[in-house]
Amino acid sequence: MKQTTPPKTYRVKSFGCQMNVYDGERMAELLAEKGITPAPEGEDADLVVLNTCHIREKAAEKVYSDIGRIAKAGEEAGKKPLIAVAGCVAQAEGEEIMARAPAVSMVVGPQAYHRLPAMLDRAVKGERATDTDMPANAKFAELPQRRKSAPSAFLTIQEGCDKFCTYCVVPYTRGAEISRPFVELVEEAKRLVAAGAKEITLLGQNVSAWSGENERGHRVGLAGLVAELAKDPDLARIRYTTSHPADMDEDIIEAHGSIAKLMPYLHLPVQSGSDRVLKAMNRSHTAESYLKLLERFRAARPDLALSGDFIVGFPGETEAEFEDTLKIVDEVRYAAAFSFKYSPRPGTPAATMDGQVAPEVMDERLQRLQAALRRDQMAFNEASVGKTCQVLVERRGKKPGQWLGKSPWLQSVWFEGDALIGDLVQAELLEAGQNSLAARLREGALA
Ligand code: 5AD
Ligand code: SF4
C-alpha cells in the first residue's frame, strides 16, 4: 500500500444489531476527535468504516461486495478511499479479509476499536494492520465523552455471551460475558441525557445477565440499574435488549410493574416452539417455561408488548416441530418479531449436525411463520387505535409538517402538526398500518 493523504471525511456503515449501531457511533466520535468530518450525503468519503455482522452467512458475505463497490467507486473518481473493516466479521475472519481484499487497510475487532485512530495513522503511511485483541472493557475508558445524542440513544451495558446456543457465533466473536461497571454507566447515561437523549435503550448480547456493584457496594442486577437511571428527572424512557429467558429474575419482572419509565415492551427471543429443537439449540428453556415466564411479566404489566426472535429450519427440524413454533406464536401474539432461516456458522456445533434442512423447506416455513407474525403485528396495531399515548418525536416525516416518533410499545407513529425533534407529545392513535400508526396531536400535547 502506498502512502496517502490523511482523510478529511468519513462514513461509518453499521450492519446487524443495535450494539453495532452503538459501536458505530463511538467510532464516529473517535474520528471526529481527529478532526475528520462525516461525508455529506451522496458524496464518497475518504475513509469508510464497515462495521460488520457475522450472525448469518448473508450478512457476512455482504462485506466483500461492499468493499468491491467502494474500491471501484474510488477508482472511477481517481481516488483511493481508506477502508476499515470493523465488527464481528473483522473479529472472526480478520486474516481472511486481509488476504482476500487488498483494498482494506485496517481490520479492527469489536473490543479493539478504541485503537482505530492509531491504526489510521499507520494506514495513512501505507501500512496494513489487524487488531482483534479482546481486552474486556478496555475500550470504554479510552473513548471520548458523549457530546451529542439523538432523542433515543443506545447505551452498551454488557457485552459477550456465555450461553453457547449451538447455532450462534456471538460467544466466539464477542467473547465471554462482561458487564460494564455501574458507576461508569450512570455517568454515561447522565452525559447522554445532557446531550439530548430522552430515551435510553440498554444494550447487551445478553443484557439480563448484567450485574454490578452500586456506589454503596451492593450487588445489583439489571433491575437495580434501571431503577437508578430512572431517578434522572430528564430521562423519560428506559428500554433494554436482548434478554435470555434463563436470566430473567423476579426483580426485573417487578420493575416492569413499578418503574413507569421502563417502557411496556419486552424483546424475549424463544427461537423455536419445539422442546426437542430447543434442547438441541442448548436454549435451557422449554416452550412451557417460556410461556410461564411471559405470564409473570404480563401479570406485572398487563399492557406489555412482546417481541421475539425465531429460527426456522434448525438441523433436524421436522414439519411437526415447526408447527410447534406456529403454536407458540398463536399463544403469545407478538407485537413484533424477527424471524430467520437457520444459517450454519463455521465453528458452531449446529453447523456439523445431521439433518440440515433443505433451503426450499426453510423458505416455505419462513413464509408461513412470517404470515402469522404479520397477522399478529397488525392485530396489535389495530388494538391500539383509539388510545392516546405518549410519543417521543424522533425525526421529520417525508411531507412538510409531518413527524415520526415511537409509542411506548415501540410502534412507529406519525402525525402532522407543531412539534420538535425530542419532544414528548400526547397523540391519539387513529389508524393502524402493518408497520406504523397514523395519529393526531392532542391539545396541550407536550407530555
Ligand atoms: N442462523 C439464523 N439465525 C440466527 N440467529 C443467531 N444465529 C443464527 C444462525 N446461525 C438469530 C437468533 C438470534 C438473532 C439475533 O439472530 O434468532 O436471537
Ligand atoms: Fe447467541 Fe443469544 Fe444464544 Fe448468546 S443467548 S449464544 S447471543 S443466541
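For this chain, numbers begin at 1 and follow the sequence in order. We count ligands from 1, going down the list as the structure has it; atoms in each ligand are counted the same way.
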Chi angles and distances behind the salt bridge (Lys or Arg N to Asp or Glu O under 4.0 Å) call for Glu394, Lys198: CA-CA 10 Å; Glu394 293 185 7; Lys198 298 282 169 53; over 6 Å; no

Ring centres under 6.0 angstrom apart (His244, Phe164):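 Distance test on ring centres: not under 6.0 Å, no.
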
Sub-6.0 Å ring centroid separation between Tyr334 and Phe310: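 That pair passes the under 6.0 Å test.
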
Side chain proximity check, Thr241 to Leu203, heavy atoms < 4.5 angstrom: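 The answer is yes; the side chains approach within 4.5 Å.
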
Those atoms of ligand 2 less than 4.0 Å from some heavy atom in His244: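 Matching atoms, with element in brackets: 5 (S).
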
Gln91 vs Tyr172, side chain to side chain contact (heavy atoms under 4.5 Å, CB included): CA-CA, chis, key distance, verdict: CA-CA 9 Å; Gln91 188 67 40; Tyr172 311 97; over 6 Å; no

Shortest non-hydrogen contact between Glu321 and Val277, atoms and distance: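 So the minimum-distance heavy-atom pair works out to OE1-CG2, 3.6 Å.
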
Smallest separation among heavy atoms of Cys165 and Arg283, with atom names: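 In this case the closest contact between Cys165 and Arg283 is SG-NH1, 3.4 Å.
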
Sequence neighbours excluded, every pair satisfying salt bridge (Lys or Arg N to Asp or Glu O under 4.0 Å) that has a member inside residues 82-99: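 Matches after skipping sequence neighbours: Glu96-Arg100.
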
Charged N-O contact under 4.0 Å between Glu250 and Arg296: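 Salt bridge flag = yes for Arg296 with Glu250.
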
Residues forming a side-chain hydrogen bond (donor to acceptor under 3.5 Å, both in side chains) with Glu61, sequence neighbours excluded: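 Scan of Glu61 (side-chain hydrogen bond (donor to acceptor under 3.5 Å, both in side chains), adjacent residues dropped) gives none.
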
Number of protein N, O or S atoms [distance to atom 1 (Fe) of ligand 2 under 2.8 Å]: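 Count of protein N, O, S atoms less than 2.8 Å from atom 1 (Fe) of ligand 2: 1.
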
Proximal protein residues to ligand 1, non-hydrogen atoms under 4.0 angstrom: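 If the criterion is a heavy atom under 4.0 Å, then ligand 1 touches Ile55, Arg56, Tyr167, Gln271, Asp309, Ile311, Phe340, Lys341, Tyr342, Ser343, Arg345.
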
